[in-house]
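Below is one structure, written out as structure tokens; comments come after it.
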Amino acid sequence: VHETDGVDYFFVSEKEMEDMDKLGQIVESRSYHTVHGTWHYFTRTFQMEENKNYLLITTLEGAISLQRHYGSDLVSVVYLFLDDKARLLRSIERESRQCSPNYSEVCRRFLADQNDFSDEKLGFIQNIYPINTDDGLEETMAQWEVYFANERKNLL
């Protein structure tokens, strides 16, 4: 609702999305049925340059599709996770700061995430590095630094 084209996302029409899909330019796509209507999301193909690192925040399906498209040897997945209670409470707190809080959307997203990030679905990811964010930013960053240091060693 409050995203800016070219900043938060790049918005295109459904026709443009369909055209890109026909040309094989979409790695993965998904439709979300929200209280505001259906919202389509997709990841467009991109060229990865050698000896460069890329960071992409995506869905679990997106990560699986990226690994299928580019190879799990080139696509590592860092999975940030949090205790369910803390995740729900943070979502409610974040929503409460909105001009018009929509708690039914918070509930819908929480339940969708429970399904989307089930252990069964996480099992489809190769080359995954889980980071527990329960203990705050400092501990999360320490886990990230260990992961990144190991990845850099693997590149050399």
Side-chain angles (χ1 to χ4, degrees), residues 1-84 86-88 90-91 94 105-135 137 139-156:
V1 176
H2 301 287
E3 289 90 4
T4 303
D5 188 20
V7 175
D8 301 296
Y9 296 97
F10 292 94
F11 297 103
V12 299
S13 68
E14 284 188 53
K15 170 85 169 85
E16 290 171 300
M17 186 178 98
E18 289 168 7
D19 290 346
M20 285 184 226
D21 193 31
K22 287 177 187 171
L23 294 171
Q25 297 175 340
I26 294 182
V27 175
E28 61 94 18
S29 65
R30 187 157 186 192
S31 296
Y32 294 96
H33 304 288
T34 74
V35 295
H36 300 290
T38 302
W39 180 71
H40 303 285
Y41 164 91
F42 68 91
T43 303
R44 187 174 183 177
T45 58
F46 54 93
Q47 183 66 40
M48 290 196 288
E49 294 180 37
E50 198 171 322
N51 297 320
K52 281 199 169 187
N53 293 314
Y54 297 87
L55 175 66
L56 175 68
I57 299 170
T58 188
T59 62
L60 187 64
E61 288 83 1
I64 293 167
S65 295
L66 286 162
Q67 285 188 337
R68 283 187 186 140
H69 186 83
Y70 295 104
S72 60
D73 56 322
L74 292 179
V75 178
S76 298
V77 175
V78 177
Y79 172 58
L80 304 177
F81 67 94
L82 177 66
D83 169 78
D84 288 345
R87 185 168 53 87
L88 181 57
R90 286 183 189 179
S91 296
R94 190 171 45 249
E105 178 64 6
V106 169
C107 293
R108 185 205 64 78
R109 290 179 79 170
F110 181 83
L111 293 173
D113 286 348
Q114 290 294 96
N115 180 56
D116 289 347
F117 294 94
S118 67
D119 289 340
E120 178 185 350
K121 289 185 179 179
L122 286 169
F124 289 108
I125 299 283
Q126 298 175 20
N127 200 9
I128 187 170
Y129 186 83
I131 293 180
N132 185 334
T133 63
D134 283 339
D135 293 325
L137 184 58
E139 177 58 28
T140 299
M141 291 308 298
Q143 292 175 70
W144 168 258
E145 288 169 7
V146 168
Y147 162 75
F148 193 69
N150 288 334
E151 281 298 301
R152 290 191 69 177
K153 286 179 194 172
N154 293 336
L155 290 174
L156 300 175

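Annotation for Ser13 and Glu16: closest pair N-OE1, 2.7 Å, computed over non-hydrogen atoms. The two residues Gln126 and Ser72 have their closest heavy-atom pair at OE1-OG, 2.8 Å. Here the closest heavy-atom approach between residue Tyr54 and residue Gln47 is recorded as OH-O, 4.0 Å. In terms of heavy atoms, Arg90 sits closest to Thr133 at NH2-O, 4.0 Å. Nearest approach of Asp113 to Arg87, heavy atoms of both residues: CB-NH1, 3.5 Å.
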Could you walk me through whether Lys121 and Asn115 pass the side-chain contact (heavy atoms from CB on, under 4.5 Å) check? CA-CA 8 Å; Lys121 289 185 179 179; Asn115 180 56; 3.4 Å; yes

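Counting only heavy atoms from C-beta outward, the side chains of Arg94 and Val106 never approach each other to under 4.5 Å. In this structure, Phe81 and Ile131 have side chains that are not in contact, with every pair of non-hydrogen atoms separated by 4.5 Å or more. Annotation: side chain of Val146 is in contact with side chain of Tyr129 (closest heavy-atom distance under 4.5 Å). Between Asp73 and Asn127 there is no side-chain heavy-atom pair separated by less than 4.5 Å.
Taking the six-membered ring where the residue is Trp, Phe117 and Tyr79 present parallel rings, their angle staying beneath 30° rather than reaching 60°. Ring geometry, Phe46 versus Tyr70: the interplanar angle falls from 30° to 60°, so the pair is classed tilted. Between Trp144 and Phe148, the ring planes are parallel. Angles under 30° get that label, and only those over 60° would be called perpendicular.
Between Leu111 atom CG and Asp116 atom CG the span is 11.0 Å, to the nearest 0.5 Å. In this structure, CG on Leu82 lies 10.0 Å from CG on Asp135, to the nearest 0.5 angstrom. Between Arg109 atom CZ and Thr34 atom OG1 the span is 9.5 Å, to the nearest 0.5 Å. In this structure, CZ in Phe110 is found 5.0 Å from CG in Leu88, a value given to the nearest 0.5 Å. Taking CZ of Arg30 as the reference point, atom OG1 of Thr43 lies at 11.5 Å (rounded to 0.5 Å). Distance CZ/Phe42 to OH/Tyr9: 12.5 Å, rounded to 0.5 Å.
Within a 6.0 Å radius of CG in Leu23, other residues, nucleotides and ligands contribute more than 12 heavy atoms. Within a 6.0 Å sphere centred on CZ of Arg108, heavy atoms belonging to other residues, nucleotides or ligands number more than 12.
Applying the side-chain contact (heavy atoms from CB on, under 4.5 Å) test between Ile64 and each of Ile125, Val77, Thr59, Val75 identifies Ile125 as the sole match. Applying side-chain contact (heavy atoms from CB on, under 4.5 Å) to Ile26 and the options Met17, Glu18, His69, Arg44 leaves one that passes, Met17.
Donor-acceptor pairing under 3.5 Å is lacking for the side chains of Ser65 and Glu28.
Ion pairing of Lys15 with Asp19 is present here, as a side-chain N (NZ or NE/NH1/NH2) and a carboxylate O approach within less than 4.0 Å.
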